[in-house]
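Nothing fancy with the numbering, it's 1 onward along the sequence.
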Amino acid sequence: MTGNTSLAEGSVVELLSALDGCENPYACPHGRPTLIRVDSEELADRFERDYPGHH
């Protein structure tokens with residue numbers, strides 16, 4: 001699997017299932033993380049809309 005590859009819903013489930021079976025599901029073979037934690041504050045910062053009339 002490479003970057004910028006679209007996955008069908010069934011493929012996503014299969015991929016996550018395969019990840020569960022890995023010895024180290026938290027990093028790829030190159031050491032890059034496969035999971036990240038994003039808290040609600042970071043999400044708000046990334047998607048905040050700042051314009052008149054928006055609440």
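- Here the side chain of T34 pairs a donor or acceptor atom with the backbone of P25 at under 3.5 angstrom.
- By the criterion of side-chain heavy atoms lying less than 4.5 angstrom apart, applied directly or through intervening Ile, Leu, Val, Met, Phe, Trp or Tyr residues, L35 is not grouped with V13; the two fall into different hydrophobic clusters.
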Stepwise side-chain contact (heavy atoms from CB on, under 4.5 Å) check, L19 with L15: CA-CA 6 Å; L19 187 62; L15 184 61; 5.9 Å; no
